[in-house]
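To find a chain, count down the sequence lines: A is the first, B the second, and so on, and within it residues start at 1.
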There are 2 protein chains.
Amino acid sequence: MSTPAALTWSTTNCPVGRAMDILGESGTVIVLREIFNGVRRFDLMQRHSGLSRAVLSHRLALLVEHGIVHRVAYRDPGERERHEYRLTTRGFDLQPVMVALADWGGKHLSGPEGPAVEVEHRDCGARTHVALVCEEGHVIDRLRDVRTRPGPGAMPT
Amino acid sequence: MSTPAALTWSTTNCPVGRAMDILGESGTVIVLREIFNGVRRFDLMQRHSGLSRAVLSHRLALLVEHGIVHRVAYRDPGERERHEYRLTTRGFDLQPVMVALADWGGKHLSGPEGPAVEVEHRDCGARTHVALVCEEGHVIDRLRDVRTRPGPGAMPT
DNA sequence: CACCCTACGTCTGTTTGACAGACTCAGGTG
DNA sequence: CACCTGAGTCTGTCAAACAGACGTAGGGTG
């Protein structure tokens, strides 16, 4: 406790820090929520999310710049060509983050009536949550059973 | 696609939105990273995280206000009484969020040398990640096998 | 006792970014 | 042609982050 091991390596290339450089910008996660829920067009997103048009525009540009979403042209009958925003593979990989956030918010920040959304397994309809699993296949339920360690890219302080 | 189901319910009590009201404040997740890594004292946190003292102070107050961390008095030999910040149960429940962020950042935002930190299973030492599991016990690997649906607290738009 | 040190913040002035709301622009409709 | 809609951009105001200085409480040192 006196000298935590984490102090011996640098935070300059911390994965959490790098992720938050993108996801920590105001509104980024809200935009992703909309897109994960199938809302892909600017105006619908703006109205449903409540973000200002300027912030939505900037966050979409940020997400495109980082390869998390991409613009796809489409054309409704009798309309001109427009663009919508879809997740890339990199963006889809954020799903565990979104589900983890929904789990926590649903458990700790809901009113007495329960959470406003749930995640379901499409095959069986059961509620779905995130869990920690190790590469040996153990499902870890006691949170104290995991710890962080430096990885191959770790740099000393 | 034309009318996404998500548009039929309100976002006012969305668990993701409520979670981000706290975690989306600049620096909140970085503070949590430090505390999860065992860095619990103000000065060490400030130096290791690189946050300004003012922001660190405000974010710690926010986390205490929401019951995610609490201040605990301690006394080193020959020192005066001080306080450190520790996770509450509610704070510890954020571990899947942190691991999900580390997973994604490590996979998509690391240099060629690999991620700077990894999470290990304390018992077997294997690398640990988050996964989606449903209440029927299925481990879900294809991300498209899950979808969101309104929960008991859902409100119409 | 006077002074210094350390941990833990708070204060100040500057700059960045969010907000509400108006404006722009392109293409299609009546 | 005048108007509508989707998708942004611009403007002025206000809140918050930044770097860096300052404050303060309690202990140790000469």
Give the rounded distance in Å between these two atoms: [atom1] of [X] and [atom2] of [N].
X	N	atom1	atom2	answer
A/Leu56	C/dA18	CG	P	12 Å
B/Leu51	D/dC18	CG	C1'	11 Å
A/Gln46	C/dG21	CD	C1'	11 Å
A/Glu84	D/dA7	CD	C1'	14 Å
B/Leu44	C/dC8	CG	P	8 Å
A/Glu25	C/dT16	CD	P	14 Å
B/Met45	C/dC8	CE	C1'	11 Å

Sequence neighbours excluded - side-chain hydrogen bond (donor to acceptor under 3.5 Å, both in side chains) pairs with any residue from residues 50-65 of chain A = A/Asp43-A/Arg53, A/Gln46-A/Arg53

Under the side chain to side chain donor-acceptor pair (under 3.5 Å) test, residues paired with [X] that sit two or more places apart:
X	answer
A/Thr88	none
A/Glu120	B/Arg147, B/Arg149
B/Arg75	none

Which parts of residues 16-24 of chain B get close to DNA chain C, meaning a heavy atom less than 4.0 angstrom away?
-> none

Could you run down nucleotides 25-30 of chain D 5' to 3' and tag each one B, S or - for protein heavy-atom contact under 4.0 Å?
-> BBSS--

The contact string for nucleotides 8-15 of chain D, one letter per nucleotide 5' to 3', using protein heavy atoms under 4.0 Å with B, S and - for base, sugar-phosphate only and none, comes out as BBB-----

Side-chain atoms of residues 16-28 of chain B: list all donor-acceptor pairs with protein atoms under 3.5 Å, sequence neighbours left out, distances to 0.1 Å.
from    : atom 1 : to       : atom 2 : distance (Å)
B/Arg18 : NH1    : A/Leu109 : O      : 2.6
B/Thr28 : OG1    : B/Ile22  : O      : 3.1
B/Thr28 : OG1    : B/Glu25  : O      : 3.0

With salt bridge (charged side-chain N to carboxylate O under 4.0 Å, His left out) as the test, would you mind laying out the steps for B/Arg82 and B/Glu84 before giving the verdict?
-> CA-CA 7 Å; B/Arg82 302 188 190 286; B/Glu84 61 181 18; over 6 Å; no

For A/Arg47, report the nucleic acid contact type (base, sugar-phosphate, nothing); a contact means any heavy atom under 4.0 Å.
-> nothing

Pairs meeting criterion ring-ring contact (aromatic ring centres under 6.0 Å, His included) with involvement of residues 106-157 of chain B, two or more places apart = A/His121-B/His138, A/His138-B/His121, B/Trp104-B/His108

Residue pairs passing the ring-ring contact (aromatic ring centres under 6.0 Å, His included) test with at least one member in residues 67-98 of chain A, sequence neighbours excluded, are A/Phe36-A/Phe92

Would you check, one step at a time, whether the test salt bridge (charged side-chain N to carboxylate O under 4.0 Å, His left out) holds for B/Arg90 with B/Asp93?
-> CA-CA 5 Å; B/Arg90 173 180 288 200; B/Asp93 278 352; over 6 Å; no

Mind checking who shares a hydrophobic cluster with A/Met155, ILVMFWY linked at side-chain heavy-atom distances under 4.5 Å?
-> none

Hydrophobic side-chain clustering at under 4.5 Å (ILVMFWY, transitive links): who's grouped with B/Trp9? Put none if nobody.
-> A/Val117

